[in-house]
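Side chains included, hydrogens not; waters and symmetry mates left out as well; all remaining heavy atoms used. The structure presented is a predicted model; accordingly, all values stated were derived computationally and were not measured.
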Amino acid sequence: MKDFILKVNRTIRYLFYRQLNITEQNEISEIIDNNDLLILYWNMSKADRQHSYEVFTRTSKNSTEKDLLLLSLLHDIGKSKIHAGLLFRVLSDLGIVKTKKSEIYLNHEIIGLEILEEKNINDEIINFYKNNLLKQKNIILDKTDY
């Protein structure tokens with residue numbers, strides 16, 4: 001039931017995502033100080049950027065660790081490989097749609113790692129992403145409804 005409520009809340013928020021204002025954009029550029037990573041962030045959909053910014057805001061209340069804040073902003077970069085609307089996302093999450101595209105959507109964190117590796121992002125960031133997001137689902141990010 002908790003998982004269902006979480007998905008409903010995410011769906012409602014998705015409907016009301018907005019463009020990030022200049023103050024928020026400046027905060028993002030202070031954390032993402034690598035141009036390649038910044039491009040990856042801005043290549044995400046508006047909804048995924050806004051969601052990632054929300055995760056960043058909630059994470060920053062629990063930690064000031066720069067790598068973790070960076071991870072909070074980049075955790076959905078794998079979704080940029082597909083263009084998925086709200087209905088598709090919901091149906092994929094519920095397991096109703098089972099296509100190659102839905103598989104990519106559901107495995108977006110692994111796709112994100114592949115993107116970081118393709119872009120030759122430094123090993124420290126790749127290893128942090130791999131160890132904190134993929135292997136152990138970072139404890140602080142888990143508290144942020146990422």
Side-chain angles (χ1 to χ4, degrees), residues 1-95 102-146:
M1 184 63 157
K2 181 183 175 187
D3 199 36
F4 177 75
I5 292 170
L6 179 67
K7 290 188 187 318
V8 169
N9 284 336
R10 285 182 182 167
T11 301
I12 291 168
R13 285 196 316 259
Y14 183 95
L15 292 171
F16 296 101
Y17 282 136
R18 59 178 173 74
Q19 296 293 344
L20 295 164
N21 67 41
I22 192 68
T23 303
E24 294 164 336
Q25 292 176 36
N26 285 333
E27 280 182 275
I28 292 163
S29 64
E30 287 174 15
I31 298 300
I32 306 177
D33 57 3
N34 173 301
N35 282 339
D36 291 330
L37 292 176
L38 205 52
I39 290 168
L40 290 175
Y41 177 82
W42 288 107
N43 280 338
M44 290 192 297
S45 72
K46 176 178 76 170
D48 291 329
R49 287 192 308 263
Q50 177 65 36
H51 164 72
S52 293
Y53 180 76
E54 289 175 357
V55 171
F56 162 77
T57 301
R58 292 190 295 268
T59 301
S60 65
K61 292 176 183 174
N62 296 304
S63 175
T64 58
E65 184 181 349
K66 182 163 170 130
D67 286 342
L68 184 58
L69 296 173
L70 180 64
L71 181 63
S72 69
L73 289 168
L74 298 176
H75 74 276
D76 276 344
I77 60 172
K79 289 181 182 177
S80 64
K81 287 283 188 182
I82 58 167
H83 299 286
L86 176 62
L87 183 60
F88 176 83
R89 290 172 183 233
V90 170
L91 295 176
S92 293
D93 281 338
L94 295 173
S102 65
E103 184 179 325
I104 292 170
Y105 170 73
L106 294 172
N107 293 307
H108 68 274
E109 293 166 337
I110 294 168
I111 304 295
L113 176 63
E114 292 170 1
I115 291 170
L116 292 174
E117 291 171 339
E118 286 171 13
K119 298 290 182 181
N120 294 317
I121 302 301
N122 78 49
D123 288 340
E124 184 179 323
I125 292 171
I126 289 173
N127 288 332
F128 193 83
Y129 185 99
K130 190 183 307 181
N131 293 328
N132 287 280
L133 186 61
L134 297 182
K135 286 186 181 172
Q136 69 181 21
K137 297 284 187 177
N138 188 283
I139 294 166
I140 293 175
L141 284 184
D142 275 347
K143 293 178 183 177
T144 65
D145 174 25
Y146 78 102

Just verifying a value: how many Å separate Asn107 CG and Ser102 OG, rounded to the nearest 0.5 Å? 9.5 Å
Minimal heavy-atom distance between His51 and Tyr17, with the atoms involved, is CB-OH, 3.3 Å
Any donor-acceptor pair under 3.5 Å from Gln19 side chain to Lys46 backbone: no
Does the pair Leu116 and Leu40 meet the rule for a side-chain contact (heavy atoms from CB on, under 4.5 Å), with working shown? CA-CA 9 Å; Leu116 292 174; Leu40 290 175; 3.9 Å; yes
I'd like to check the side-chain contact (heavy atoms from CB on, under 4.5 Å) partners of Ile125; sequence neighbours left out, ordered by chain and number. Leu37, Leu70, Ile121, Asn122
Could you pull out the closest heavy-atom pair between Tyr129 and His108, with the gap in Å? OH-O, 4.2 Å
side-chain hydrogen bond (donor to acceptor under 3.5 Å, both in side chains): pairs with one or both residues in residues 80-89, sequence neighbours excluded: Asp48-Arg89
Contacts of Lys66 meeting side chain to side chain donor-acceptor pair (under 3.5 Å) (sequence neighbours excluded), chain-then-number -> Asp33
Who passes salt bridge (charged side-chain N to carboxylate O under 4.0 Å, His left out) against Glu24, sequence neighbours left out? Arg18
Working to the nearest 0.5 angstrom, can you tell me the gap between Leu74 CG and Leu113 CG? 12.0 Å
Salt bridge (charged side-chain N to carboxylate O under 4.0 Å, His left out) partners of Arg49, counting only residues at least two apart: none
Measuring from Asn35:CG to Lys119:NZ, what's the distance to the nearest 0.5 Å? 12.5 Å
Does the Ser63 side chain pair with the main chain of Thr59, one donor and one acceptor, at a distance under 3.5 Å? no
Just wondering, do Trp42 and Leu20 contact through their side chains at under 4.5 Å, heavy atoms? yes
Apply side chain to side chain donor-acceptor pair (under 3.5 Å) to Tyr41 and list each qualifying residue two or more places apart in sequence or on a separate chain. none
Measuring from atom CD of Glu109 to atom NZ of Lys79, what distance do you get when rounded to the nearest 0.5 angstrom? 8.5 Å
Residue pair Asp93 / Leu106: nearest heavy atoms and the distance that separates them: OD1-CD2, 3.5 Å
At what distance, to the nearest 0.5 angstrom, does CD1 of Ile77 lie from NE2 of His75? 10.5 Å
Taking all atoms of both residues into account, what is the closest heavy-atom pair of Tyr105 and Ser92, and its distance? CD2-CB, 3.8 Å
Nearest heavy-atom approach of Ile31 to Leu69 is CG2-C, 3.9 Å
Between atom CD of Glu118 and atom CG of Asp36, what is the distance when rounded to the nearest 0.5 Å? 12.5 Å
Kindly give the heavy-atom pair with the smallest separation between Asp76 and Ser52, and that separation in Å. CB-OG, 4.1 Å
